[in-house]
Amino acid sequence: VDSSKFKTCNDLSFCKRNRRVDITDAAQMSLYKHQIVADSVQLKDGRLVGEIVEQDGEVDHVLSFEIRAIANGILRFRVLEKSPLANKKRYQVQDVLLDDINPFQLDVYVAGELAMSANSRGLFHFEHMRNKPLPPQPIPNPNPPEGEEPPAPQQPVVPEGMWEERFQSHHDSKPHGPMSIGMDIKFVGSQHVYGIPEHTTSLALRNTRGEGINENPYRLYNLDVFEYELDKTMALYGAVPLMISHDTKKTVALFWLNAAETFIDVSDSKDDKNVPSKDTHWISETGAMDVFFLTGPTPMEIFKQYASLTGTTALPQLFSLGYHQCRWNYKDENDVKQVDEGFDSNNIPYDVIWLDIEHTDGKRYFTWDKANFPTPDAMQKSIAIKHRKMVTIIDPHIKRDNNYYIHSQATSNNHYVKKADGVSDYEGWCWPGSSSYLDFTNPVVRNWWAEQFAYDKYIGSTPTLYVWNDMNEPSVFDGPEVSMHKDALHHGSVEHRDLHNMYGYYYHMATADGLVKRNSDQNDRPFVLSRAFFAGSQRIGAIWTGDNAAQWSHLKVANPMLLSLGLAGITFSGADVGGFFGNPDGELMARWYQAGAFQPFFRGHAHLDAKRREPWLFGEPYLSVMRSAIQQRYSFLPLWYTIFYQNTLNGAPTMRPLWVEFPSDANLFAVESEYMIGSALLVHPVVEQGQKQVKVILPGDAAKQQWFDIDTNKMYKPGQYDVDTPLQKIPVYQRGGSIVAKKERLRRSSYQMRDDPYTLKVALNTDQVATGELFMDDEHSFNYKKGQYQYRQFRYENGQLTSKSLDTKGTFKPVNTVERIVVLGINNKPSAISYADKPLQFEYDKSLSSVVIRKPDLPISSDWTINFKF
Amino acid sequence: ATESPKHKNKIPPNFGVSPEVASYYKSNSFNCFSSGKKIPIEQVNDDYCDCEDGSDEPGTAACSNGHFYCVNKGYRAESINSPLVNDGVCDCCDGSDEYEKKINCPNTCVEKGSVMRKEREEKIERYRQGLKKKAEMVEEAKTLISEKKSELERLKKEVEPLKEKIKEYEVKKELLEKQREDERKRLEDEREAAKKLEEANKPEQQQPTPTETEGDGEDKKEEEEEVEEKRLEEVNSELLESIKKGIVILLSNENVDEEEEDEGKENNDNKESEIKAEEEEEEEDDGPQARRKKDRNRNRNRNSFGRRRKPEFTKPPSPSPSSSSTPSLSSTLFDYLPESVQNSLKFISNYLPKQLLGGGEDMSDIDGTLATTRHDLREKEEQIEKIEKLFTYDHGTDNVYLPLYGKCFDVKTREYTYTVCPYDRASQGGTSLGKWEEWQSNYSIMSFQNGLQCWGGPKRSLTVSVECGSDNNASDVNEPSKCEYTMKFQTPAACDEEHLKVLQLEEGHVF
């Protein structure tokens, strides 16, 4: 990455103004510029309201605040100007919260203990609205030293950068002047904070300030970063301003609802009783101060609380949890055909083949390159015969070509983002050359965009075609930091700076809406992959970590990046398998497929300049390793699908840090080399070249917990193990106490598996107990919302394995049966196993303490009990 | 509350089994092929996978690694992966893999069979014709080898006299140099002696200048003379070098670059065709190493001619009739030399014609002869090297691939014309896709590597897959990865009798 192209806090006046406070002696009382007006505080309609006053010389700036308790243990704290200037307004983020629920040192107690403290360090900063002062008469020096320019006589002090800013060749007119907000939040008793994606840093966020540390704060500003570097606090493609704090006693979180450019400092502190805390400092360029304190106190409750604010992950169609094959670019219809056939002839399942930007006619989205893709519908149909899908890319930059219908309609309908003058259409350079950018913040534009996906408008699209949204930060090649000018204007004269981080979210939303609306019954769940995201993007679709590289370090960083995304609600996410830039060798490919098979979104992708890398091109042993990784993924699809369904109930990430499942073991709080899928599987991907062994931590209480290697069914007690990792081996363990439903018949895509019988893997804990759930529906429609689903629980206890419905509202009756039941960790050999007094055939393996029941042939959607006699 | 599971109709144990192994599925028990595990025959094709190798479930999808045998009457029998059984996709043309009727699979074997037979007939015909031509190619290869061998002999013979001539002239040069040196020394000695004599004769007090000064003066003069001499020699050899190059180029009619061709088009039509012929011949003779050398030569030529095109040399060249090429060349070159060099050359201009026209055997004559002879030798040695290199390649049985040497084949697409020249090079329009690397995989692949560097990508390369055809023909260019090209090439050389027999056998076989 060329970091000089991107800003740091020091390049931004608002950040400097806010952060400067931080480096001054916090003990100075003068820092506390804001005071609560005691008389103003009152309880009104269940809200605590009041006024905060900032004494600025002779003038008082009055802010009004509101604290409101929302259901589920969430407190909302909002601050706005009491009397805003007539010509200005603060942008308040809309369309993110599920319901637009309405709610000085602010202390938040959880179970009687102080958990979070706002403004305890006096960093509360609220740049009140002001009108632009007249320019000083003589301009003494065009480049005054920063912020230190002595005022011209009778002129107020105007620190540099308040009313306009320059970065490289780009000018920001800043017509509204300074409006930044900032506040410190202390997480009392905590030494670990997480979240605020997207960064290439560790799962447990490292400090940016403190003794010997003075790093750039974590930045949230959606950017298209070319060849991004690892372990950086730099901004990336997406932003979720949610931070979770976890310690052995509690989990709490802070949601800073602001879509403008935001910086977050993290540091450690200790109080006089030596209680450690994480100090954080939040700074946003504009917008309202609207802060949610999520009080947990368990990880699962935090997920639920956050989900109640911004929603849960849209239930993916089952196919989208399969394997995706992408490349920039599959060149023509014959290329697509050959790749598709390659999967069949190599006996590798896959579900979706993708087309990148070259499939279009000159990067005019919704069109096809006629020479290379003359019959797109026939191409999709030939793939659909095998029940596979296609995805095409549709980007938000529109080629400025009067003969291009999208452009001419967008121009005449006034659908584009405007320049700062508010009149002319914003223009920038992107893939098609000179482009304009649709204003997706406008619901009218979103509706119009959604209509463009109608089959009679998107010519050559069929019902099995889904969509990929790229470049939606938005990426503007010749714009500041490769993005849009902050003074560009959106619908309602809102400046781009106010909602920059939401642009991609709105775009993603409009596209997904289009995929729903294109079908007359509106009953096909959309699949749209997006690169940019914001809080709430989980409700729309999947995201991926953008343009990574074919390097071991990028394989390694995928774990913490995806875990951070999941904690912030974005649970359907993946990293390009193989790495986008460059040429991976067979070993890296094999290891990446093994890892990707156990990450939520599983797609192989490659840059235009990279060599071909379909799995069979690497020969043996790599081909077999990649094949079995993909096959393994397919066998666990019922588990993935169930966890995604459970996310719609509880908001919990699909891919979880160990501490989420083992919250009281402090040794696990920073572990990112391994993780859990749901609560049943522990995965330790091999992410180093030539790694012959990995150190696996199997957590849990040694007296109760046991783990089972999913390949060998061998049992392990909790502890640390050096596990041999020949190329064929990725260490994955099923947790004792869990039951996982699998489909072990390996078909060519997920659809062909829908009627296949299940294998139940029952992994017992030392109490000889295990439970697990299974969700089933038609795997593609919204009918599950109308009761067309089946949600079951399996439970082994006291020598009985029972199947019962967890939710009798679900009435879906699939035809599947159970063909095999594997019980692991059973203490004794059963003398007989029977269902309804009929004996079942089984085999007992003493060395593995396992039982395999052959063909019980029980219907998956019925209640039943199997008895074990010992 | 429990529904009874839907029981599938019992499938016979030998369903989906290939004839070769059908006998294993007939007794009362079945042994898994790999593990030998014994199971009752009722557990074969009972939709539950008992054998790790999938051998117990040929007719169901229960084992992920089993094989289902489609009879495909009218087409040809096939083994498909057993997970494709009853997956809702028609895989066998007789529809036998979808017996649960999740999808209706019409029997397409007859159609497929007739298409297959037609293709096979065409293929057999192609093989027949190819094999005839192949015999011709073998003959061609024999002729080519004997031609090349005699050419090699001839060249080797021609080399010896050239080497001797060089030796002879080197001796001459040495002698002459020695003579000159002796002469110089003699003159010096004489001068010295004369000086000493003079000094001895002069009275000391009458010396107008101190000795040292005089000595200084003497030294200076000597130094100046030496410098001047050196400079002349340098200028001389520089001029000679350019002239030599010019002569060499004209004499050998070596290729000239395009600019030059345009420039001299009207006057040099004859020459141009000669040049082209030479170029073609040369390319025919090229091995990779020779080619690199030739490239170097080209560059050299380009440099010397390129100079003429620089703007400061405004005078257009005045091409003269080829009959008097040598003298006119010298004057032409002279015109284009920098002024300073021209001035210096005026000192020696009087000797030029004599040298070039081979008047007497002074130093420049000798140098000139040496240069041309050495050049001749180099040319011939390069040709020898090329031929020897060609003989180091393996050209297949009876050298059947050898006749592809020296030939080029074009493929035209919408945008480009691709050219592939086996044993030599490949290109896309004017862009190099690579130089000949080697045959691979038993003559089924021709590899061309190290073509023009791709922007943001690798050096271009081309992989040509070779198959039997009735004629030599290139087709189907593709670029699956950036700047990595593929092409198909049909040649009679790749046709073989055994394969034809197999095809004919299949043809005779009724399915």
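Residue numbers begin at 1 in each chain, while the letters A, B, ... track the order of the sequences.
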Q: Just do the salt bridge (Lys or Arg N to Asp or Glu O under 4.0 Å) check on A/K386 and B/D91 with the steps written out, would you?
A: CA-CA 10 Å; A/K386 298 175 191 166; B/D91 291 291; over 6 Å; no
Q) What pairs with A/R754 under side-chain contact (heavy atoms from CB on, under 4.5 Å), at least two apart in sequence or on another chain? A)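 So A/R754 forms a side-chain contact (heavy atoms from CB on, under 4.5 Å) with A/Y751, A/E779.
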**Q.** Qualifying residues under side-chain contact (heavy atoms from CB on, under 4.5 Å), relative to B/V115, sequence neighbours excluded
**A.**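 Checked B/V115 against side-chain contact (heavy atoms from CB on, under 4.5 Å); matches are B/E119.
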Crowded around [X] [atom1]? As in, over 12 foreign heavy atoms under 6.0 Å?
X: B/H67; atom1: NE2; result: no
X: A/K804; atom1: NZ; result: no
X: B/E52; atom1: CD; result: no
X: B/K112; atom1: NZ; result: yes
X: A/F842; atom1: CZ; result: yes
X: A/D2; atom1: CG; result: yes

Considering only heavy atoms, which portion of [X] lies under 4.5 Å from any heavy atom of chain B: side chain, backbone, both, or neither?
X: A/E843; value: side chain
X: A/Q338; value: neither
X: A/A610; value: backbone

Q | Non-neighbouring partners of B/E98 that pass salt bridge (charged side-chain N to carboxylate O under 4.0 Å, His left out), sequence neighbours left out | A |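 Not a single residue meets the salt bridge (charged side-chain N to carboxylate O under 4.0 Å, His left out) criterion with B/E98.
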Minimum side-chain heavy-atom gap [X]-[Y] below 4.5 Å:
X: A/K331; Y: B/N478; value: yes
X: B/Q43; Y: A/K855; value: no
X: B/L84; Y: A/Q752; value: no

Q) With no hydrogens and no angle check, is any side-chain donor or acceptor of B/S481 less than 3.5 Å from a backbone partner on A/D609? A)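 No, B/S481 side chain to A/D609 backbone: no donor-acceptor pair under 3.5 Å.
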Q: Look at the side chain of B/K482 and the backbone N and O of A/H607, then say whether any donor-acceptor pair between them is shorter than 3.5 Å.
A: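 Not a single qualifying donor-acceptor pair exists.
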Q: Locate the shortest heavy-atom distance separating A/V852 from B/Y48; write the atom from each residue and the value.
A: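 Closest approach of A/V852 to B/Y48, heavy atoms only: CG1-OH, 3.8 Å.
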Q | Heavy-atom pair of closest approach, residues B/V85 and A/R747 | A |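 Where B/V85 meets A/R747 most closely, the heavy atoms are O-NH1, 2.7 Å.
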Q.
I need the B/N81 CG to A/R748 CZ distance, nearest 0.5 Å.
A.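 One finds 9.0 Å between CG of B/N81 and CZ of A/R748.
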Q: Output the residues of residues 339-347 of chain A for which the shortest heavy-atom distance to chain B is under 4.5 Å, in residue-number order; output 'none' if no such residue exists.
A: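 The list, in residue order, reads A/N347.
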Q | Side-chain ion pair, A/R745 and B/D87, N-O less than 4.0 Å | A |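 Looking at A/R745 and B/D87, the cut-off is not met.
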Q: In plain terms, say whether B/D50 and A/R854 are close enough for a salt bridge, that is, a side-chain N and a carboxylate O under 4.0 Å apart.
A: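 So B/D50 pairs with A/R854 through a salt bridge.
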Q) With chain A, which of B/A61, B/S82, B/C63 has the greatest number of heavy-atom pairs at distances under 4.5 Å? A)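 Heavy-atom pairs under 4.5 Å are most numerous for B/A61.
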Q. Which one of B/P480, B/C90, B/G88 has the most heavy-atom pairs closer than 4.5 Å to chain A?
A.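 Ranked by contacts with chain A, first place is B/P480.
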Q | Contact class of B/C49 relative to chain A, heavy atoms under 4.5 angstrom | A |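 Answer is both: backbone and side chain atoms of B/C49 are under 4.5 Å from chain A.
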